[in-house]
Amino acid sequence: MNRTDRPARCAAVHDLSGLGRCSLSVILPAMSVMGVQVCPLPTAVLSTHTGGFGTPARRDLTDYLTEALAHYRTLGLPMECVYTGYLGSVAQVALCQGLFAEWPAAMKVVDPVMGDHGKLYHGFTPELVQGIRELATHADVITPNLTEACMLLKIPPVAEGLSRSQAKSLLVRLSELGPNYVVITGAPMVSGQIANIGYDRQHNSFWCILCDYVPVSYPGTGDLFASVLTGGFLTGDSLPMAMGRASYFVERCIKTTFSYSSDTRYGVMLEKELGALIDRQNVKDFSLL
């Protein structure tokens with residue numbers, strides 16, 4: 001079977017969460033609906049994801065990951081994409097580097113899951129942060145939030161809204177680490193609005209998508225955004241189209257969930273909105289930054 005006879009195949013290296021609708025729990029349904037075959041490689045199991053990454057219910061899967069990758073190598077299966085998210089140790093970072101080397105032609109997406117709201121997640125050591133930083137240098141696409149963007153650049157967390165020039169500077173500096181495409185999610189702007197901002201180094205183009213304000217925060221929305229963005233790339237989208245598709249879907253999921261007054265710990269109700277990913281016209285407006 002050649003590439004034209006099957007969906008794009010993506011190795012997704014991320015944790016598996018339960019009730020919180022995060023990571024592989026949202027990546028699998030979203031990318032599958034978009035026509036991408038997801039090959040999950042779980043790095044850890046979290047019972048609910050409602051208590052953070054350091055809860056006793058967290059189970060490390062480095063041993064399984066090592067065995068699974070060795071098995072994949074014996075099969076000789078092609079991958080069009082390697083997409084990494086939550087990594088719980090330096091050893092797992094090294095395994096991902098091996099994945100990148102195993103499929104050199106695959107699109108490499110790194111969602112550098114490390115922290116939010118100006119702080120590291122529980123259990124993240126300086127060595128692990130440095131490992132993720134190095135992994136990002138080999139990526140084609142990175143999707144940090146603003147906290148993670150600052151961590152990648154080794155600068156203090158940005159406490160105020162970004163001006164247009166500050167936003168562009170951050171995007172360019174992140175691209176200089178290696179990736180051709182950089183997307184910073186949920187960036188507060190000096191206007192008071194929240195935006196997803198992106199940079200295409202090859203075309204030196206900057207993009208911005210303003211997000212509608214909803215007075216609540218749900219876990220897993222960054223994972224959902226990165227998975228739809230990746231699915232967009234794998235099905236032919238340009239950077240702004242992929243950003244617009246991901247922004248549209250995540251915003252729609254947030255608004256639907258908010259309308260039901262659902263417990264925020266359970267994440268967004270993507271099950272009600274997956275059909276929106278089928279219609280290729282569902283893309284939020286984007287503009288030059």
Side-chain angles (χ1 to χ4, degrees), residues 9-18 20 22-28 38-49 51-77 79 81-116 119-145 147-154 174 177-179 219-220 222-223 226-227 230:
R9 186 178 292 131
C10 174
V13 190
H14 217 312
D15 72 272
L16 180 61
S17 299
C22 299
S23 53
L24 289 173
S25 299
V26 299
I27 292 166
L28 278 161
V38 180
C39 300
L41 290 164
T43 57
V45 175
L46 305 177
S47 65
T48 65
H49 198 67
F53 294 115
T55 62
R58 177 187 179 277
R59 175 167 293 185
D60 182 86
L61 293 180
T62 302
D63 290 344
Y64 165 77
L65 192 60
T66 303
E67 296 170 0
L69 294 181
H71 177 63
Y72 276 20
R73 290 190 179 99
T74 67
L75 298 178
L77 297 175
M79 292 284 175
C81 179
V82 178
Y83 162 26
T84 72
Y86 172 76
L87 305 175
S89 66
V90 173
Q92 291 187 353
V93 173
L95 288 170
C96 289
Q97 291 171 336
L99 270 178
F100 285 179
E102 184 70 19
W103 292 293
M107 181 177 70
K108 301 165 185 66
V109 180
V110 172
D111 184 5
V113 178
M114 296 185 288
D116 203 356
K119 297 179 180 180
L120 274 175
Y121 291 134
H122 180 82
F124 277 71
T125 64
E127 293 77 17
L128 179 53
V129 171
Q130 179 58 29
I132 294 173
R133 186 180 292 121
E134 292 174 2
L135 190 66
T137 67
H138 299 286
D140 299 304
V141 186
I142 60 172
T143 60
N145 58 37
T147 295
E148 293 159 347
C150 294
M151 290 175 180
L152 290 174
L153 294 174
K154 301 182 182 180
L174 287 166
L177 296 177
D223 302 331
S227 62
T230 301

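Worth knowing before you read on, the calculation uses all heavy atoms, side chains too, and leaves out hydrogens, waters and symmetry mates.
For the atom pair Leu24 CG and Leu46 CG, the distance stands at 10.5 Å (nearest 0.5 Å). The distance from the NZ atom of Lys154 to the CG atom of Leu152 is 10.5 Å, given to the nearest 0.5 Å. Atom CD of Glu134 is separated from atom CG of Leu177 by 11.0 Å, given to the nearest 0.5 angstrom. Atom NE2 in His71 sits 14.5 Å away from atom OG1 in Thr66 (nearest 0.5 Å). Distance CG/Leu28 to SG/Cys39: 9.5 Å, rounded to 0.5 Å. We find the NZ-CZ distance between Lys108 and Phe100 to be 7.0 Å, quoted to the nearest 0.5 Å.
Of all heavy-atom pairs between Leu87 and Leu135, the closest is CD1-CD2, 3.8 Å. The two residues Leu99 and Leu69 make their nearest non-hydrogen contact at CD2-CD2, 3.3 Å. For Asp116 against Thr147, the heavy-atom pair with the smallest separation is C-OG1, 3.5 Å. For Ile27 against His14, the heavy-atom pair with the smallest separation is CD1-CD2, 3.4 Å. Nearest approach of Pro104 to Ala101, heavy atoms of both residues: CD-O, 3.3 Å. When all heavy atoms are compared, the tightest approach of Arg9 to Met79 is CG-SD, 3.4 Å.
For the pair Leu61 and Val45, the minimum side-chain heavy-atom distance is below 4.5 Å. Thr230 has its side chain within reach of Cys81: a pair of non-hydrogen atoms, C-beta onward, lies under 4.5 Å apart. Taking 4.5 Å as the limit, every side-chain heavy atom of Leu65 sits out of range of all side-chain heavy atoms of Pro42. The closest side-chain heavy-atom distance from Arg59 to Tyr64 is not below 4.5 Å. Residues Leu174 and Pro179 fail the side-chain proximity criterion, which asks for heavy atoms closer than 4.5 Å.
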Show the numbers, then the answer: is there a side chain to side chain contact (heavy atoms under 4.5 Å, CB included) between Tyr83 and Val13? CA-CA 6 Å; Tyr83 162 26; Val13 190; over 6 Å; no

Might you work through the side chain to side chain contact (heavy atoms under 4.5 Å, CB included) test for Val129 and Leu120, ending with a clear yes or no? CA-CA 9 Å; Val129 171; Leu120 274 175; 3.6 Å; yes

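The main-chain N or O of Gly85 is never found under 3.5 Å from a side-chain atom of Asp111 such that the two would form a donor-acceptor pair. Between the Trp103 side chain and the Leu77 main chain, a donor and an acceptor come within less than 3.5 Å of each other. Here the side chain of Gln130 pairs no donor or acceptor atom with the backbone of Glu127 at under 3.5 angstrom. When atom types are taken as modelled, the side chain of Thr43 and the backbone of Tyr86 share a donor-acceptor pair closer than 3.5 angstrom. Within the 3.5 Å criterion, the main-chain N or O of Gln92 finds a donor-acceptor partner in the side chain of Ser89. Here the side chain of Ser23 pairs a donor or acceptor atom with the backbone of Asp15 at under 3.5 angstrom.
Considering Thr137, Val141, Thr84 in turn, Thr84 is the only one that fulfils the side-chain contact (heavy atoms from CB on, under 4.5 Å) rule with Val110.
The salt bridge (charged side-chain N to carboxylate O under 4.0 Å, His left out) pairs that include a residue from residues 86-95 number zero, where partners must be two or more places apart or lie in different chains.
Under the side chain to side chain donor-acceptor pair (under 3.5 Å) criterion, Glu102 pairs with Arg73, not counting sequence neighbours.
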